[in-house]
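Computation of the quantities below employed the complete heavy-atom set of this structure, encompassing side-chain atoms and omitting hydrogens, waters and symmetry-equivalent molecules.
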Amino acid sequence: MQETTGQYIERITGYVKRKNHLKVLQATLKSLGALTRGKWSSTLARRPSIDKWSVAEIVAHLAESEIVFAHRLRMVLSEDGVPIQSFDEKKWQQNAHALIKDPGLAMELFSVVREANIVLLRSLSRTQWEMHGTHSERGRETVARMVELYAGHDVNHLMQVRNILAGFGSKTPSQRG
């Protein structure tokens, strides 16, 4: 049974309850880097099952999602109440060939855009944190809510990466198998 939008939101925001969402966003870079650094490309490209993404696909997804977040954030800060268009992550993933083939490039893109977003978020006034957009599927979302959702999204994908790598033995090029 597929998760509803409401169930998805409840699940991912549950991961970051009582956490500083901005710190979660910042910590993701370090955590993801530590998890993937030194891993064989074949390990990162291997799917745990036919219907599940590989680590390389997850990293590409995080990079592309961060671009979307950067755009949405800047749109909301430019015009309070602006419409926020949803995007079909599966279709975006179908066009992410270069990022999937090169997880290092995907990680670099994710890092640069995430760092720029964090710098921007740290500069916001209290009033700006309450500015909002209207998401086409989820309704009204303040900047604070967007940050909470992306923090939960990060935690969700970090758990997936950990589980995938644990299932494959998480071997590195220095470990002979």
Side-chain angles (χ1 to χ4, degrees), residues 1-36 44 47-48 51-77 82-96 99-100 103 105-122 124 129 131-166:
M1 185 167 103
Q2 188 156 351
E3 194 173 47
T4 67
T5 300
Q7 290 167 330
Y8 169 77
I9 291 170
E10 187 175 328
R11 180 172 57 84
I12 67 164
T13 58
Y15 296 145
V16 292
K17 267 191 171 48
R18 295 187 255 318
K19 292 186 180 179
N20 179 311
H21 303 138
L22 197 53
K23 286 183 180 179
V24 171
L25 293 180
Q26 187 171 358
T28 298
L29 293 173
K30 191 176 193 177
S31 298
L32 188 61
L35 287 167
T36 59
L44 298 178
R47 286 180 162 197
D51 62 333
K52 300 290 183 190
W53 285 348
S54 67
V55 172
E57 289 169 313
I58 291 170
V59 175
H61 168 70
L62 287 169
E64 291 197 324
S65 294
E66 197 65 19
I67 293 168
V68 171
F69 179 43
H71 174 73
R72 288 176 175 172
L73 180 59
R74 284 153 181 83
M75 291 297 294
V76 168
L77 291 169
V82 69
I84 301 172
Q85 180 61 45
S86 64
F87 77 106
D88 185 334
E89 65 184 27
K90 290 177 184 171
K91 288 182 180 177
W92 277 54
Q93 198 71 347
Q94 290 170 352
N95 296 311
L99 293 176
I100 293 167
L105 175 63
M107 188 65 187
E108 186 176 338
L109 176 61
F110 177 56
S111 296
V112 168
V113 179
R114 172 57 60 90
E115 288 172 4
N117 285 340
I118 289 170
V119 168
L120 174 60
L121 289 165
R122 284 192 178 138
L124 299 181
W129 278 90
M131 292 179 76
H132 75 282
T134 304
H135 191 279
S136 61
E137 294 173 349
R138 297 188 299 253
R140 188 179 197 276
E141 289 184 356
T142 62
V143 169
R145 179 64 165 182
M146 290 167 61
V147 170
E148 177 186 25
L149 291 169
Y150 276 89
H153 180 258
D154 282 4
V155 171
N156 180 62
H157 287 302
L158 285 172
M159 289 188 317
Q160 290 173 340
V161 168
R162 281 187 192 98
N163 290 337
I164 292 167
L165 293 174

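- The line from CZ of Phe110 to CG of Leu105 is 14.0 Å long, rounded to the nearest 0.5 Å.
- The only member of Leu25, Thr142, Val16 that meets side chain to side chain contact (heavy atoms under 4.5 Å, CB included) when paired with Glu148 is Val16.
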- Message: Run Gln160 and Lys52 through side-chain contact (heavy atoms from CB on, under 4.5 Å) and show every step you take.
- Response: CA-CA 10 Å; Gln160 290 173 340; Lys52 300 290 183 190; over 6 Å; no
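- The structure places CG of Leu165 at 6.5 Å from CG of Leu44, a figure rounded to the nearest 0.5 Å.
- In this structure, Leu124 CG and Leu73 CG are separated by 6.5 Å, a value rounded to the nearest 0.5 Å.
- A donor-acceptor contact shorter than 3.5 Å is absent between the side chain of Ser86 and the backbone of Ser136.
- Across Trp53 and Pro48, no two heavy atoms sit closer than the pair O-CD, 3.3 Å.
- Tyr150 pairs with exactly one of Asn117, Val68, Leu62, Val155 by the side chain to side chain contact (heavy atoms under 4.5 Å, CB included) rule, that one being Val68.
- The two residues Leu120 and Leu77 have their closest heavy-atom pair at CD2-CD1, 3.9 Å.
- Results of the side chain to side chain contact (heavy atoms under 4.5 Å, CB included) test with Ile84 over His135, His132, Glu137, Arg140 single out His135 as the only residue that passes.
- Side-chain N or O atoms of Arg72 include none that pairs as donor or acceptor with a backbone N or O of Val143 at under 3.5 Å.
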- Task: Would you sort out whether Trp129 and Val147 count as a side-chain contact (heavy atoms from CB on, under 4.5 Å), showing the intermediate values?
- Result: CA-CA 9 Å; Trp129 278 90; Val147 170; 3.7 Å; yes
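- Between Ala60 and Ile100, the shortest heavy-atom distance links the atoms CB-CG1, 3.7 Å.
- Here the closest heavy-atom approach between residue Met107 and residue Gly33 is recorded as CE-N, 3.5 Å.
- Evaluation of the side-chain hydrogen bond (donor to acceptor under 3.5 Å, both in side chains) test over residues 17-26, restricted to residues two or more places apart or in two chains, returns Gln26-Arg122.
- Within the 4.5 Å cutoff, side-chain heavy atoms of Leu149 are placed close to those of Ile9.
- Counting only residues at least two apart or on different chains, the side-chain hydrogen bond (donor to acceptor under 3.5 Å, both in side chains) pairs with a member in residues 5-16 are Glu3-Arg11, Thr4-Gln7, Arg11-Tyr15, Arg11-Asn156.
- Closest approach of Thr28 and Arg114 over heavy atoms only: CB-NH1, 3.8 Å.
- Residues Val161 and Leu32 come closest through the heavy atom pair CG2-CD1, 4.3 Å.
- For Glu141, the salt bridge (charged side-chain N to carboxylate O under 4.0 Å, His left out) partners two or more places apart in sequence, or in a different chain, are Arg138.
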- Test log, rule side-chain contact (heavy atoms from CB on, under 4.5 Å), inputs Leu35 and Val55: CA-CA 10 Å; Leu35 287 167; Val55 172; over 6 Å; no
- Hey, mind stepping through Ser111 and Glu108 against side chain to side chain donor-acceptor pair (under 3.5 Å) and telling me if it holds? CA-CA 5 Å; Ser111 296; Glu108 186 176 338; over 6 Å; no
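- Ring geometry for His157 against His61 counts as perpendicular: the plane angle is over 60°, on a 0 to 90° scale with 30° as the lower cut.
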